[in-house]
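Comments concern the structure below.
Heavy-atom basis, side chains included; hydrogens, waters and symmetry copies ignored. Residue numbers start from 1 in every chain, and the chains themselves are labelled A, B, ... in the order their sequence lines are given, proteins ahead of strands. Bear in mind that the values here come from a model prediction, so they are computed numbers and not experimental data.
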Number of protein chains: 2
Amino acid sequence: MPRVSVEAQRREQILSAACEVISEIGFKSLRIADVAKRAGTSTGTVHYYFTTKRDVMHAAFEHNFAHSLDRRKPILDEYPDPRERLRAFIASYLPEDQVTLRAWHVWAELWVEALHDSDLQELNERVYGEWRRTVAAIIRDGQDAGYFADGDPVIRANALISMIDGLALQVLLGSRNMTVERMRTACDEVLQAFGLAPAQ
Amino acid sequence: MPRVSVEAQRREQILSAACEVISEIGFKSLRIADVAKRAGTSTGTVHYYFTTKRDVMHAAFEHNFAHSLDRRKPILDEYPDPRERLRAFIASYLPEDQVTLRAWHVWAELWVEALHDSDLQELNERVYGEWRRTVAAIIRDGQDAGYFADGDPVIRANALISMIDGLALQVLLGSRNMTVERMRTACDEVLQAFGLAPAQ
DNA sequence: TCCTATCCTGACTCGTCAGTCAATTCTAAC
DNA sequence: GTTAGAATTGACTGACGAGTCAGGATAGGA
């Protein structure tokens with residue numbers, strides 16, 4: 001029997017490269033050759049593991065999603081106090097560091113691609129559901145502990161998440177009026193207004 | 001001297017068609033031939049009025065923006081009471097009717113395109129500034145009239161607008177968890193929380 | 001009526017790129 | 001060392017679409 005399989009690591013390598021390229025030049029301009037080059041391989045190899053360009057892109061979106069979740073897992077376990085947990089969780093989405101910025105870029109590309117692709121809508125639905133449930137759960141914990149004001153946790157989670165999306169988008173667009181600092185301020189204001197303000 | 005100029009109306013016709021096509025199949029898949037067909041003309045004519053595809057797209061984004069503003073002008077004049085004005089203005093952005101949906105679609109495409117195009121970032125900056133100023137002005141009016149709670153109107157405007165963007169995006173994506181009705185509810189909740197709730 | 005500038009057309013060119021494939025290299029087992 | 005199947009390569013093909021262009025149509029003015 002020949003060689004041990006390198007499929008898993010080669011796919012990872014390609015998808016990681018794909019995410020980098022998407023975030024740098026965008027889905028529209030991305031060529032398979034770009035991904036291959038970034039992954040340090042050839043177009044033939046990319047096609048060996050993925051049938052079509054669409055396959056690569058879908059898998060890359062999944063990859064981006066899975067990693068985003070993984071990166072946040074520790075935060076959810078680290079803070080027993082729901083006030084701190086909520087603050088830290090939201091802070092982890094601020095587009096400050098390179099990794100988070102890249103993830104947001106890929107996200108934005110996914111959204112627009114999904115407008116005309118029902119498979120990607122399904123992915124968005126899954127991801128968004130996950131995110132919504134996570135935030136709503138923290139809010140519920142905080143309410144149970146008597147820290148947060150009453151009110152439907154799901155509506156508040158939706159409002160919070162959507163605002164973060166919208167704010168992040170403006171930051172990504174390099175708006176002179178929406179910096180990471182202002183984004184943080186806006187988040188804090190809404191948390192305050194919703195009675196979800198973390199402890200000082 | 002020959003013929004009266006048809007340039008203005010022909011450009012309008014082409015840009016309107018371009019917006020329709022963008023909203024239907026997306027920027028990426030859009031071909032000049034699609035725009036020409038939709039406008040009831042030929043690719044040659046499109047190139048007669050616009051040098052490159054990029055020109056068409058940028059002009060289409062401008063077109064979409066200008067029309068969005070025009071459509072809302074009457075709302076701002078119609079309601080003397082800032083509470084009603086804010087409610088009506090926000091309601092006009094709910095992606096319910098065909099026209100608003102189309103405008104949102106084009107918006108979303110602009111955002112992602114702008115991630116890698118500084119001219120479009122400039123356009124976004126202008127549009128967003130306009131929007132932010134408008135909402136902030138209404139909030140300020142409401143505060144002056146003693147209807148709204150105190151607090152920085154610009155931060156609140158930013159928070160509100162971003163949330164509307166994020167919510168609208170999920171509605172556009174056909175999320176089962178984010179319908180127009182839930183979007184309305186989320187908006188109302190934030191208005192309440194910010195002490196910007198319109199009169200009943 | 002002719003003239004002229006504007007407007008319109010669609011066939012064509014030419015670059016680009018996804019996807020194919022035949023040839024080659026590599027690795028592990030025997 | 002031989003073999004078999006996995007992995008890799010990059011030149012090639014075929015489709016596609018932006019932008020060009022030469023040839024016309026059209027509308028007003030002289």
Side-chain angles (χ1 to χ4, degrees), chain A residues 1-63 109-110 113 116-117 119-120, chain B residues 1-61 63 109-110 112-113 116-117 119-120:
Chain A
M1 287 302 111
R3 293 215 224 184
V4 59
S5 172
V6 293
E7 176 161 347
Q9 73 195 67
R10 195 67 76 247
R11 286 177 68 98
E12 158 75 26
Q13 186 182 353
I14 291 168
L15 295 180
S16 186
C19 284
E20 285 178 32
V21 178
I22 293 176
S23 91
E24 279 169 28
I25 66 173
F27 188 105
K28 195 183 56 123
S29 333
L30 175 148
R31 289 164 300 143
I32 291 289
D34 297 324
V35 177
K37 192 173 183 187
R38 179 62 60 102
T41 180
S42 66
T43 60
T45 296
V46 174
H47 276 107
Y48 182 77
Y49 291 102
F50 300 93
T51 311
T52 64
K53 182 178 177 181
R54 189 165 179 271
D55 285 345
V56 183
M57 303 317 292
H58 282 222
F61 286 137
E62 284 274 0
H63 180 268
E109 299 279 347
L110 164 64
E113 197 55 21
H116 309 101
D117 183 329
D119 287 350
L120 290 179
Chain B
M1 289 300 114
R3 295 214 222 185
V4 59
S5 171
V6 293
E7 175 161 349
Q9 74 196 65
R10 196 67 76 245
R11 284 177 70 97
E12 157 73 28
Q13 185 183 354
I14 291 168
L15 295 179
S16 186
C19 285
E20 286 179 32
V21 178
I22 292 175
S23 90
E24 280 169 27
I25 65 172
F27 188 106
K28 197 183 53 122
S29 334
L30 175 147
R31 288 163 301 143
I32 292 288
D34 297 324
V35 177
K37 191 173 183 186
R38 180 62 61 101
T41 181
S42 67
T43 61
T45 297
V46 174
H47 276 107
Y48 182 77
Y49 290 101
F50 300 93
T51 311
T52 63
K53 182 177 176 180
R54 190 165 180 272
D55 286 345
V56 183
M57 303 317 293
H58 282 221
F61 286 137
H63 180 268
E109 299 279 345
L110 163 64
V112 168
E113 196 56 22
H116 309 99
D117 182 330
D119 287 349
L120 290 180

OP1 or OP2 of [N] less than 4.0 angstrom from a side-chain nitrogen or oxygen of [X], does that happen here?
| X | N | result |
| --- | --- | --- |
| B:S5 | C:dC7 | yes |
| B:T45 | C:dT9 | yes |
| B:R10 | C:dT6 | no |

Query - With sequence neighbours excluded, residues passing ring-ring contact (aromatic ring centres under 6.0 Å, His included) with A:H47 - result: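 ring-ring contact (aromatic ring centres under 6.0 Å, His included) list for A:H47, sorted by chain: empty.
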Query raised in the report: Got a sec, which residues hit ring-ring contact (aromatic ring centres under 6.0 Å, His included) with A:H63, two or more places apart in sequence or on another chain?
Result: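 For A:H63, the residues satisfying ring-ring contact (aromatic ring centres under 6.0 Å, His included) (neighbours in sequence not counted) are A:H67.
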Requested in this report: Could you walk me through whether B:I22 and B:F61 pass side-chain contact (heavy atoms from CB on, under 4.5 Å), step by step?
Outcome: CA-CA 10 Å; B:I22 292 175; B:F61 286 137; 4.3 Å; yes
Whole angstrom value for the distance that separates [atom2] of [N] from [atom1] of [X]:
| X | N | atom1 | atom2 | result |
| --- | --- | --- | --- | --- |
| A:E7 | D:dG5 | CD | C1' | 14 Å |
| A:L30 | C:dT16 | CG | C1' | 14 Å |
| A:Q9 | D:dA6 | CD | P | 17 Å |

Query raised in the report: Using a heavy-atom distance cut-off of less than 4.0 Å, which residues of residues 31-44 of chain B contact DNA chain D?
Result: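 Residues of residues 31-44 of chain B that come under 4.0 Å of DNA chain D are, in numerical order, B:R31, B:I32.
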Report task. Applying side-chain hydrogen bond (donor to acceptor under 3.5 Å, both in side chains), name anything that partners B:E7, two or more places apart in sequence or on another chain. Result ->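 For B:E7 there are no side-chain hydrogen bond (donor to acceptor under 3.5 Å, both in side chains) partners, ignoring immediate neighbours.
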Query - Results of side-chain hydrogen bond (donor to acceptor under 3.5 Å, both in side chains) for B:R31 - residues two or more places apart only - result: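 Only B:D34 meet the side-chain hydrogen bond (donor to acceptor under 3.5 Å, both in side chains) criterion with B:R31.
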Query raised in the report: Minimum heavy-atom separation for A:H116 to B:E24, with atom names?
Result: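 Residues A:H116 and B:E24, closest heavy atoms: CD2-O, 3.1 Å.
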Query raised in the report: Just wondering, do A:V35 and A:E20 contact through their side chains at under 4.5 Å, heavy atoms?
Result: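 Result no, sub-4.5 Å side-chain heavy-atom pair not found.
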Query raised in the report: Do A:E113 and B:K28 meet the salt-bridge criterion of a basic N to acidic O distance under 4.0 Å?
Result: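 So B:K28 pairs with A:E113 through a salt bridge.
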Query - Stretch residues 47-54 of chain A: residues that reach within less than 4.0 Å of DNA chain C through a heavy atom - result: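 The answer is A:H47, A:T52, A:K53.
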